[in-house]
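Below: one structure, written as structure tokens.
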Amino acid sequence: MEIENNLPKTFDPKSAEDKWYSKWLESKSFKPKAGKQGKTFTVLMPPPNVTGKLHMGHALDATTQDAVIRYKRMKGFETLWIPGTDHAGISTQAVVEKLIWKQEKKNRHDLGREEFLRRVWEWKEQYGSEIVNQQQKMGVSCDWDYSTFTLDEVPNKAVKKFFVMLFNEGLIYQSDYIVNWDPILQSAISDAEVEHKEVKGFFYYLRYKVKEDPNMELIIATTRPETIFADTAVAVNPDDERFKDLIGKTAIIPICNREVPIIGDEHVDIEKGTGCLKVTPGHDFNDFEIGKRNGLPIINILNKDGTFNKLAPEIEGLKPKDARAEVERILTELDALVEKKEHMNSVGHGQRSDEIVEPMVSKQWFLNTTEMSRVAVEAVESGEMTFFPKGWENTYFAWLKNPKDWCISRQLWWGHQIPVYYCKSCDAKWAAETDPSECVECRGKDFFQDPDVLDTWFSSGLWPLSTLGWPDEKVMAEKGFDKFYPNETLITGFDIIFFWVARMMMMGMKVTGKAPFAHTYIHAIVRDKQGRKMSKSLGNGIDPLDMVAQYGADAMRFTLAAGSGYNRDLNLDPERIEGYRNFVNKLWNAFRFVHPFLDKAKDELPVKSEWHLHDKWILAELNTVSKHMNEAFDVYRFDDASAEIYAFVYDKFCSWYIELSKNILYGEDEKAKIIRATMLKYCFRKIVNLLHPIVPFITEEIWSYLETDSKRLLISEEYVEFDKSLENDDVREMMNKFIDITTGIRNIRSSVNMKPKDEIDVKLFTDDKKLAKFVYESRHFLKDLANVKSGTIRNKEQDRPKKSASLATAHTEIFIPLEGIIDLNEQVNRIKKDMEKTQAEYKKVESKLNNQNFMANAPEEVRAEVNEKAKMYQDKLQSLNTLLDSFM
RNA sequence: GGGCGUUUAGCUCAGCUGGGAGAGCGCUACCCUUACAAGGUAGAUGUCGGGGGUUCAAUCCCCUCAACGCCCACCA
């Protein structure tokens with residue numbers, strides 16, 4: 001019979017993607033809608049930087065969040081997924097500065113603050129929307145009306161409100177402090193933004209004279225000889241027998257010949273170096289502390305661009321590297337350099353600029369996080385917020401249990417300007433949420449705002465609040481703050497646990513007393529197939545949009561979901577995407593098979609008494625899959641969810657149910673046809689439903705053929721739930737046996753190199769009467785599945801055919817009489833091999849049963865299982881013996 | 001130096017509270033069989049990093065060694 005099919009032979013992702021994304025937008029399917037759960041479910045998208053092109057990490061973010069949101073939406077939660085973008089102070093400013101320099105040879109100071117910011121905004125308007133396009137290509141179902149940019153009005157207000165609040169509480173303070181200075185950005189950066197890298201350097205052993213005793217000299221080891229101009233002391237350990245008499249005396253710094261005190265300080269390690277330490281409070285974190293303890297002066301010998309200033313006259317204007325060489329030259333000349341030894345040094349680099357950061361003392365704003373950290377720790381310890389996988393809480397704790405004050409000011413222009421004002425007429429300094437018109441103290445008009453801006457993470461930390469309108473009460477009401485805060489789940493990568501997760505926790509709890517989200521799912525970092533980080537310099541990056549163009553968004557999403565469980569790395573090989581593209585296509589073709597029969601299908605399932613055993617079986621299997629998928633999604637095991645449905649579609653639905661349906665659908669029995677068509681349609685509705693959170697496009701496309709009401713979109717359907725009444729272990733057992741027999745016959749066919757066209761006669765022997773009956777009734781199917789032309793099925797008391805190709809399962813012996821055609825020795829060997837294997841298995845269980853300790857200690861169910869297995873192996877061995885006998 | 005993690009089939013990885021070693025990709029043979037060659041059928045492959053211990057029973061728990069990776073701190 002010829003069946004017409006007007007569907008394309010391969011699935012075309014592109015047209016489906018565009019079509020359905022617009023339909024979802026039109027139908028407002030992404031907007032929160034009250035559902036049967038009576039609860040909200042909010043997810044906050046980590047806002048990508050406006051500078052950025054989306055990379056695979058974003059694609060993983062998008063896929064996992066979209067899967068969760070779609071799942072929960074279908075489960076009947078009122079879902080809200082909030083998108084947005086981050087102004088990313090440092091990187092954006094750097095990108096635009098570079099661009100302007102390239103085009104006009106002007107730096108930001110040439111343009112002035114106002115003009116420069118205008119240019120950055122212009123740039124942002126042009127490129128910021130690119131991100132939205134890219135996200136939409138991946139199918140994200142977020143509510144675009146909630147889209148927020150960190151420099152929008154409300155986040156601006158949030159930042160100011162929070163700043164002023166903490167300023168007035170005394171938690172935000174200004175201080176001269178040693179900070180990490182990035183000479184490229186010409187700004188302070190926080191500790192968290194510094195990355196340490198191993199760099200080859202040297203130990204320089206320098207000779208310092210002691211003023212009081214011209215014959216005495218101290219040898220000091222240092223890795224940074226160029227900083228001697230900023231030294232204000234020499235320190236030794238007060239318990240160090242070698243040097244303690246020198247404490248109180250004076251050392252003379254080579255080159256600049258400055259006299260500095262020799263002091264005793266516990267920090268000095270007797271074992272390390274020479275036991276003498278040069279103290280540079282202006283350019284070293286530890287020395288800064290020593291200086292504070294001992295009241296030492298601070299000398300700053302660096303300019304903002306990292307070159308040396310006039311306090312280091314011999315090297316003025318030089319960069320640290322050149323300065324070091326010059327100092328080395330002079331020291332050698334003066335015979336003050338005793339020795340130079342190679343040494344691996346770990347040196348701080350700016351996360352953004354990748355330039356060596358210089359510790360430098362400057363006036364900065366700090367946020368005291370002691371109390372906020374404690375609260376944030378408590379929230380996780382109490383279970384108010386849970387990490388998935390749980391292990392990541394260690395990383396979180398490591399950061400928060402050892403809080404350091406957070407340097408929040410940056411010497412940049414692009415960002416939230418610090419809302420602190422200074423009066424020029426009096427000494428007043430105050431923080432205000434709105435632009436002031438006069439000095440709070442002298443009411444003078446001559447005041448100015450602090451020129452610095454806040455660390456980007458300061459505004460990101462308030463993201464859960466500001467995206468829902470805080471602190472503007474009107475906007476909060478519009479956006480449903482009370483309804484959607486706290487969020488339910490945060491999904492992000494582990495690299496920003498303390499940059500972002502910890503800060504949101506601290507700030508969210510500070511403002512509302514509640515953790516901003518209940519769950520944090522930490523997903524893997526996407527790497528290349530060799531496990532290397534994707535980076536520009538390696539050129540191993542994979543562009544998600546290329547993958548979408550090449551294989552379709554569904555294939556890429558399925559790949560990412562399948563690779564994303566509780567693992568730390570996700571090594572992505574484009575070949576895997578191709579593999580899952582094939583899966584998507586498989587699904588499409590399975591549907592192509594069903595499609596012509598949809599006319600016959602009814603919308604309601606027939607009464608149970610009319611179900612074929614195949615139907616009961618596939619519905620039971622599908623039901624189990626739905627159970628496992630629900631469980632997996634609930635705990636963010638996207639890998640399990642994907643594997644479950646993948647295996648079902650391939651190994652159960654396509655390989656068996658569809659194959660078994662052909663005989664019926666191409667047959668004569670009209671009633672049976674209708675039932676089978678109805679069942680297939682029903683299964684397909686469930687399959688695309690279950691798959692929808694992972695592969696939204698193809699499932700919506702297929703759904704459109706299955707649902708007559710074109711207004712009902714799959715995205716808004718109810719997710720399949722477990723239904724206990726569909727479970728049926730007897731049917732499963734029967735089908736498994738039938739599959740054993742079919743596979744067994746195919747196995748024999750393959751072993752004797754039979755062509756698919758060759759028809760065969762099969763003789764089956766089993767003592768399972770129900771099975772015998774079912775197999776007999778299924779004889780037509782066996783023709784389709786294994787080209788069985790004729791056969792008999794008898795009990796094991798009957799004589800077996802001689803010299804046949806044969807095989808034994810635990811329940812059935814299969815004979816294919818082929819005397820004269822087959823190599824008998826080969827057959828005997830095959831049976832013997834099977835026998836050895838089975839015997840080995842049997843021995844394993846037998847030894848357990850003979851082990852008294854096992855019988856005494858093992859739980860009953862385990863014993864029962866082992867018993868059953870032993871019986872199964874015995875049966876099989878007996879059958880194999882019978883098979884061998886047939887060759888005698 | 002402190003902490004975390006990883007080590008299971010050629011590759012990438014799953015294996016929950018101990019009780020049959022699994023998946024995908026790849027590979028081999030045969031097949032263009034009327035949903036699908038982006039396919040079908042059949043098949044091969046593991047001393048579960050090494051050693052020791054607990055247990056009737058260890059990939060799983062404990063100890064130890066080794067290799068690799070990450071994070072933090074520090075480096076006179």
Side-chain angles (χ1 to χ4, degrees), chain A residues 1-3 5 7 9-11 191 196 201 203-206 219-224 235 268-269 271-279 284-287 343-347 391-392 394-395 398-399 402 494-495 497-498 525 529-531 551 555 559 562-563 565-573 575-576 578-596 637 639-640 642-643 646-647 654-655 658-659 662 666 743 746-751 753-757 784-787 841 844-845 848 851-859 861-863 865-866 869:
Chain A
M1 180 165 47
E2 272 301 310
I3 302 288
N5 208 329
L7 297 178
K9 217 168 173 181
T10 50
F11 175 63
D191 294 340
H196 289 269
F203 267 137
Y204 298 85
Y205 291 81
L206 310 185
I219 307 297
I220 296 180
T222 178
T223 53
R224 306 194 57 198
V268 182
D269 189 331
E271 308 291 325
K272 272 189 186 168
T274 59
C276 299
L277 185 65
K278 67 194 259 316
V279 185
D284 183 283
F285 287 92
N286 285 310
D287 293 5
H343 170 67
M344 285 308 283
N345 216 4
S346 119
V347 180
W392 286 113
N394 290 324
T395 304
W399 185 255
N402 185 16
F494 67 78
D495 47 337
I497 286 178
F498 30 80
I525 296 284
K529 66 172 174 179
Q530 291 157 31
Y551 302 112
T559 311
Y566 286 177
N567 44 326
R568 210 171 253 252
D569 300 311
L570 196 173
N571 296 354
L572 187 68
D573 183 347
E575 264 187 45
R576 303 197 68 188
E578 191 184 332
Y580 288 116
R581 187 272 315 265
N582 295 351
F583 170 72
V584 169
N585 193 51
K586 179 84 178 173
L587 184 73
W588 176 250
N589 274 293
F591 178 67
R592 263 184 90 229
F593 168 77
V594 175
H595 182 244
R637 287 300 303 252
D639 52 346
D640 286 349
S642 322
Y646 183 102
C654 290
S655 293
I658 284 189
E659 292 305 324
K662 287 178 178 172
Y666 296 142
T743 312
R746 286 170 174 172
N747 189 319
I748 296 173
R749 294 184 61 111
S750 167
S751 78
N753 291 322
M754 236 181 229
K755 300 272 184 257
K757 276 177 249 165
D784 292 344
L785 296 172
N787 208 2
E841 293 295 330
K844 262 198 240 171
V845 281
K848 277 190 183 176
N851 182 339
Q852 285 182 0
N853 286 324
F854 172 80
M855 294 309 279
N857 291 312
E861 53 202 70
V862 175
R863 290 200 316 262
E865 216 174 286
V866 172
K869 233 179 264 172

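Each chain gets a letter, A, B and so on, in the order its sequence line appears, and its residues count up from 1.
- Remark: B/C61 base-pairs with B/G53. Criterion, Watson-Crick or G-U wobble with two distances under 3.5 Å.
- In this model, the phosphate group of B/A42 is approached by a side-chain N or O of A/R746 to a distance below 4.0 Å at OP1 or OP2.
- For the pair A/Y566 and B/U6, the criterion of a side-chain N or O lying under 4.0 Å from OP1 or OP2 is not met.
- For B/U54 and B/C62, the C1' atoms lie 7 Å apart once the distance is rounded to whole Å.
- Taking only side-chain nitrogens and oxygens, A/K869 comes nearer than 4.0 Å to OP1 or OP2 of B/G20.
- Mapping A/S750 and A/M754 onto RNA chain B via the closest heavy atom, the residue that lands nearer the 5' end is A/M754.
- Pairing for B/G1 goes to B/C72, judged as Watson-Crick or G-U wobble with the two contacts each under 3.5 Å.
- Put simply, A/N747 has a side-chain N or O that comes within less than 4.0 Å of OP1 or OP2 on B/G43.
- Within the 4.0 Å cut-off from OP1 or OP2 of B/G40, at least one side-chain nitrogen or oxygen of A/K586 is found.
- Looking at A/R581, its side chain comes within 3.5 Å of the base of B/A38 through a donor and an acceptor atom.
- OP1 or OP2 of B/G39 sits under 4.0 Å from a side-chain N or O of A/N582.
- Neither OP1 nor OP2 of B/A38 sits under 4.0 Å from any side-chain N or O of A/K9.
- B/A23 is paired with B/U12 under the Watson-Crick or G-U wobble criterion, all donor-acceptor distances under 3.5 Å.
- Side-chain nitrogen and oxygen atoms of A/N585 include none within less than 4.0 Å of the OP1 or OP2 phosphate oxygen of B/A38.
- In this structure, A/Y580 does not reach the B/U12 phosphate: none of its side-chain N or O atoms is under 4.0 Å from OP1 or OP2.
- Proximity of A/L572 to A/T559: side-chain heavy atoms (C-beta onward) are separated by under 4.5 Å at one or more points.
- Residue A/K662 places none of its side-chain N or O atoms closer than 4.0 Å to OP1 or OP2 of B/U34.
- For B/U41, the OP1/OP2 oxygens have a side-chain nitrogen or oxygen of A/S655 closer than 4.0 Å.
- Among the heavy atoms of the strands lying under 4.0 Å from A/D269 is at least one base atom, whether or not backbone atoms are also near.
- Within the cation-pi definition used here (under 6.0 Å to the ring centroid, within 45° of the axis), A/R863 does not qualify as a partner of A/F854.
- For A/N571, a side-chain nitrogen or oxygen approaches OP1 or OP2 of B/C13 to under 4.0 Å.
- Taking 4.0 angstrom as the limit, A/R749 places none of its side-chain polar atoms (N or O) nearer than this to OP1 or OP2 of B/U33.
- B/C60 sits 25 Å from B/G24 when the P atoms are compared, rounded to a whole Å.
- Remark: the separation of the P atoms in B/A9 and B/U47 is 8 Å, to the nearest Å.
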